[in-house]
2 protein chains.
Amino acid sequence: MNVGIKDVARVAAVSPATVSRVLAGRPVDPDMRDRVMAAVHETGYRPNLAARRLRSRHTNTIGLIVADIRNPFFTAVSRTVEAIAYDRGLRVIFCNTDEDAAKEAMYLQLMQEERVTGVILAPTREGADRIAHVESDFPIVLIDRAAPNASCDSVVIDNAAMAAKLVAHLHRLGHRRIAGLFGTDTVTGRERCDGYGRAMEECGIPGQVVPVAHEREQAQRAITALLEDASRRPSALVVSNSVMLQSVLRVADALGLEIPRDLALTSFDNEPWMEFVGGGLSVIEQPVEEIGRTAVTMLMDRLDHADCVTRRVVLAGRFIARGSGGRGAEA
Amino acid sequence: MNVGIKDVARVAAVSPATVSRVLAGRPVDPDMRDRVMAAVHETGYRPNLAARRLRSRHTNTIGLIVADIRNPFFTAVSRTVEAIAYDRGLRVIFCNTDEDAAKEAMYLQLMQEERVTGVILAPTREGADRIAHVESDFPIVLIDRAAPNASCDSVVIDNAAMAAKLVAHLHRLGHRRIAGLFGTDTVTGRERCDGYGRAMEECGIPGQVVPVAHEREQAQRAITALLEDASRRPSALVVSNSVMLQSVLRVADALGLEIPRDLALTSFDNEPWMEFVGGGLSVIEQPVEEIGRTAVTMLMDRLDHADCVTRRVVLAGRFIARGSGGRGAEA
DNA sequence: AAAACCACAGAGAACGTTTTCCCTACTAGG
DNA sequence: CCTAGTAGGGAAAACGTTCTCTGTGGTTTT
C-alpha cells in the first residue's frame, strides 16, 4: 500500500487539505508547514500525478509529435522543447510517427485522452492537410512543416529563400547543371522545391527536380537513376535534408564519384560530420533551438489568448559556406 | 464540459459500468455492445486516462531515461523502445538527463509520481552507483551502462571485448602507437578502457589512455593536447563513441591532419556518415534494435516475476572493417 | 466597543473512471 | 417441477487528490 496525502495528514496532525495547500505553496501557518514537510519526509510521500490531474483538471503536459526522430533536425528540436518544457514544469509526451499518417492520427487521439494542455507537431503531409479541418480540444503549434494557410500557429523557416541561397551559391561557383532533391511527402519539401525552381529560373538555367521518397530503398533508386549516367549527370545538387544527403553520399560512393570533384553537394541541416565530407559541405543551418523555444512560447501564449488570430513565425536559416563547392562545371 | 462515460451511458440507455465493460472488451450482450459503440461514436467520447489510471491502479506507462539524446546511439535505442512499447499498448515517458546526475534523480522521482510500471535507464556514472543502493517502487532495466554487479536487470554490450577487437584490428594493420579515448563519466567508458588496456598489453605495446569529458570544450582541449605534437602523436586511435569521434575529427581538421594517412580512426557506434570520412572508418556497430527490444522484454518479464534473480544480458557488437585503416606506423 | 473583515484550517464534495457487490433471469440437473 | 448454478447488468464505493464552503479567531475600521 502506497502512502497518500491522508497518511501525511495523520502524521502531521492536520487535514489533508492543509497538506495539499502546503505542497501547492499556498499560504499556511509556518508552524504547520514545518510539521507537514517533516511528515512528508518521514513518510516518503510522493503525490500521485494521476489523481492530481484528474481533480485539478489541468495536466501540465504537452505532446510533442515529430515525423522522423532519425532526422537529427528533429532530435535537436525535441531536445530543446523538452528542456524548456521541463524547466517550466511541463511534462512532455514524446511521439514519433515515422512519416506515417495513421500513426500520427493515433497519437493525436492519444493526446486527447491524455487531456494534454497543447501539442507541438511536425506533421506528415496528410496530417498537415487534415489539421486544417479538424477541431481539437487543445491548441496545436506546427513546426517545420506548415502550409502558409494553416489554421494553427506555426513556426517554420523560410524554405524557399534558403533553397534559393543554395542555388545562388552553386551558380556563383560556376555550376550550371544543378539538380534539386526534395521530399515528396512534406510541405517543407515542396517549399524548398519551389524556392529552388524560382531561383533556377532567375539564373536562367533549367532546373531538374528529383522527388525523393522517405523510404530509403526508394530514395537510393531515384538518386542512382539521377547520377549513374555520367553524360547526363548534374554537376551539383541541392538536397533537402541531412538524411537524404546520406543517401546521396552512399550512392555517390557506390558509383565511385568523388565529392566535390565529380559532384558538388549542398544541403539543408548542419551536422558536425558535414565538415569532414568532401572538404566540407556548404549548408543551410536551421535555428533548431530557436524553433523549439519559439514553439513552446507560442503554445503557452495561445493558452492565455485562446482566440487570438493564428500566428506564423518564419525564421531565417543560416547559410554556411565550406570547402570549395567543387570546381564548377561548364554547362 | 467534456463528454464522460456517464454521458455515453445515458445515450446508450445503459449503466456506466456497462460502457466500461464494453470498452474493456469484457463479455457484454452483443445488442448492448452495439448500442454502446454507437453512443461512443455519436458523442465522440474519449476516455480520460488520468481517471482510468487513478482508479485501475495501473498506468501502462514506462519511463525511458537516457543520458544524452544527442548521441545517435541513444536516439536509435529510444526509437525502438518507443515503437515496441506503443505496440504493446504502453505509453513512454521520455527523459534526457544530459549526463547530469541531479536531473537524473529528478526524473526518477518524477517516475515515482507518475506511478510508472517500470523504467529503462541509461544512467550517469553517479546514477549507476546510486541505483545499487536505492529501492524503488518499480523495476528498472539498465541499458548500455551497468556495472557487472548492478542490482538491476541490465542489457549491455561486451565493451571490453569490442574494444579489444578494435585494438587488434589496428595492430594487424601495423599500428604500434595506438591511443584510447574514453569517457570519464560512464561505466561504458571504463569497460572499453579496460578492454583496450588489456588488449594493448597482450600485443606487448604500451597503451595511452586519454580521459575525455562529456563537455565538448574540454574534450577538444584534451584531444588537441594529444594530437598537436607531431613527434609524440599516436598513429591510430580507439574512440569510445560517435560524439567523441566528431570532436576528434574537428581537432584533426584544425591541425591539418589527414585521415587515415596521418591518423587512423576506429570507434564505437556506426553512423552512416562514417562510410564517407577518411575513406571509411572501421567501427563497432552496436545492435541498437536488439538492445531496445531486449530491454522492453526484460522489463515486462520482471513485472511477471518480481522476485526472479537479476539478469544481465550481454550482447555482442558487430565489427565493421572499412577503408584501409591507414598505412600503419612503424612504432 | 461593536461591526466588518480577513486569513487560514477543516469537512466533505468532486474529478471520471473501474471495480465490487448484489440482483435478476435464464439454464441445467435431478 | 424445483433447486442450484451461471452469466451479465446496475448501484454504489473507491482510487488520491484538489476545491468549495463553512467556521473560527484575530485585526482593522468606524
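Labels below follow one simple rule: chain letters A, B, ... track the order of the sequence lines, proteins then strands, and each chain is numbered from 1. Note that the structure is a prediction, hence the values are computed from the model and not measured.
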Side-chain donor-acceptor contacts of residues 10-21 of chain A below 3.5 Å, not counting sequence neighbours, with atom names and distances?
unit_1: A:R10; atom_1: NH2; unit_2: A:D7; atom_2: OD1; d: 2.6
unit_1: A:S15; atom_1: OG; unit_2: A:A17; atom_2: N; d: 3.4
unit_1: A:S15; atom_1: OG; unit_2: A:T18; atom_2: N; d: 3.3
unit_1: A:S15; atom_1: OG; unit_2: A:T18; atom_2: OG1; d: 3.2

Specify the closest pair of heavy atoms between A:T97 and A:K103, including all atoms of both residues, with the distance to one decimal.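 Looking at all heavy atoms of both residues, the closest pair is O-CD, 3.4 Å.
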
Taking all heavy atoms of A:L54 and all of B:N48, pick out the closest pair and write down the distance.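 Shortest heavy-atom contact: CD1-ND2, 4.4 Å.
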
Relative orientation of the end axes in the helix from C:dA1-D:dT30 to C:dG30-D:dC1, expressed as an angle to the nearest 10° (five pairs per end):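 Inter-axis angle at the termini of the helix from C:dA1-D:dT30 to C:dG30-D:dC1: 30°.
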
Per the ring pair (Phe, Tyr, Trp, His ring centres under 6.0 Å) rule, what does the pair list look like for residues 105-129 of chain B, sequence neighbours excluded?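 Every pair satisfying ring pair (Phe, Tyr, Trp, His ring centres under 6.0 Å) with a residue in residues 105-129 of chain B: A:Y86-B:Y107.
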
Pairs involving residues 56-85 of chain B, ordered by first then second residue, that meet ring pair (Phe, Tyr, Trp, His ring centres under 6.0 Å) (sequence neighbours left out):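 Sorted result for residues 56-85 of chain B: empty, none.
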
Roughly how many Å is it from CG in B:N60 to P in C:dT18, rounded to a whole number?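 These atoms are roughly 12 Å apart.
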
Using atom CZ of B:R57 as one end and atom P of C:dT18 as the other, report the distance to the nearest whole Å.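 B:R57 atom CZ is separated from C:dT18 atom P by 15 Å.
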
Would you mind listing every side chain to side chain donor-acceptor pair (under 3.5 Å) that reaches into residues 291-300 of chain A, with sequence neighbours excluded?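 Output for this query is empty, none listed.
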
Does this structure show an ion pair linking [X] with [Y], if we count only N-O contacts that are shorter than 4.0 Å?
X	Y	result
B:R52	A:E113	no
B:D29	B:R33	no
A:R145	A:E191	no
B:E99	B:R70	no

Tell me which residues in residues 37-47 of chain B put a heavy atom below 4.0 Å from DNA chain D, sorted by number, or none.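 Per residue number, the list is empty: none.
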
Can you pull out the residues from residues 4-11 of chain A that lie within a 4.0 Å heavy-atom distance of DNA chain D?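 Hits under 4.0 Å, by residue number: A:G4, A:I5, A:K6.
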
Would B:R115 and B:T59 satisfy side-chain hydrogen bond (donor to acceptor under 3.5 Å, both in side chains), going step by step from the backbone distance to the final call? CA-CA 7 Å; B:R115 304 294 194 268; B:T59 55; over 6 Å; no

Less than 4.0 angstrom between a side-chain N/O of B:S20 and OP1 or OP2 of C:dT17, yes or no?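 No.
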
Side chains of residues 134-142 of chain A: which donor-acceptor partners sit under 3.5 Å, not counting sequence neighbours?
unit_1: A:S136; atom_1: OG; unit_2: A:F138; atom_2: O; d: 2.8

Side chain to side chain donor-acceptor pair (under 3.5 Å) partners of A:T186, counting only residues at least two apart: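 For A:T186 there are no side chain to side chain donor-acceptor pair (under 3.5 Å) partners, ignoring immediate neighbours.
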
Below 4.0 angstrom, which residues in residues 48-55 of chain A have at least one non-hydrogen atom near DNA chain C?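 A:L54, A:R55 - these, ordered by number, are the residues of the stretch whose heavy atoms sit under 4.0 Å from the strand.
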
Let me see the working for A:L23 and A:V40 under side chain to side chain contact (heavy atoms under 4.5 Å, CB included), right down to the final yes or no. CA-CA 10 Å; A:L23 266 38; A:V40 165; 4.2 Å; yes

Anything under 3.5 Å between a donor and an acceptor, one on a side chain of residues 300-315 of chain B, the other on a protein residue two or more places apart or in another chain? List them.
unit_1: B:D301; atom_1: OD2; unit_2: B:R311; atom_2: NH1; d: 3.3
unit_1: B:R302; atom_1: NE; unit_2: B:D153; atom_2: OD2; d: 2.8
unit_1: B:R302; atom_1: NH1; unit_2: B:H305; atom_2: O; d: 3.4
unit_1: B:R302; atom_1: NH1; unit_2: B:A306; atom_2: O; d: 3.1
unit_1: B:R302; atom_1: NH1; unit_2: B:C308; atom_2: O; d: 2.6
unit_1: B:R302; atom_1: NH2; unit_2: B:D153; atom_2: OD1; d: 2.8
unit_1: B:R302; atom_1: NH2; unit_2: B:D153; atom_2: OD2; d: 3.1
unit_1: B:R302; atom_1: NH2; unit_2: B:C308; atom_2: O; d: 3.4
unit_1: B:R302; atom_1: NH2; unit_2: B:V309; atom_2: O; d: 3.0
unit_1: B:H305; atom_1: ND1; unit_2: B:D301; atom_2: O; d: 3.2
unit_1: B:R312; atom_1: NH1; unit_2: B:A146; atom_2: O; d: 3.3
unit_1: B:R312; atom_1: NH1; unit_2: B:A147; atom_2: O; d: 3.2
unit_1: B:R312; atom_1: NH2; unit_2: B:A146; atom_2: O; d: 3.4

One character per nucleotide, please: for nucleotides 6-12 of chain D, 5' to 3', B when the base has a protein heavy atom closer than 4.0 Å, S when only the sugar-phosphate does, - otherwise. --SBBB-

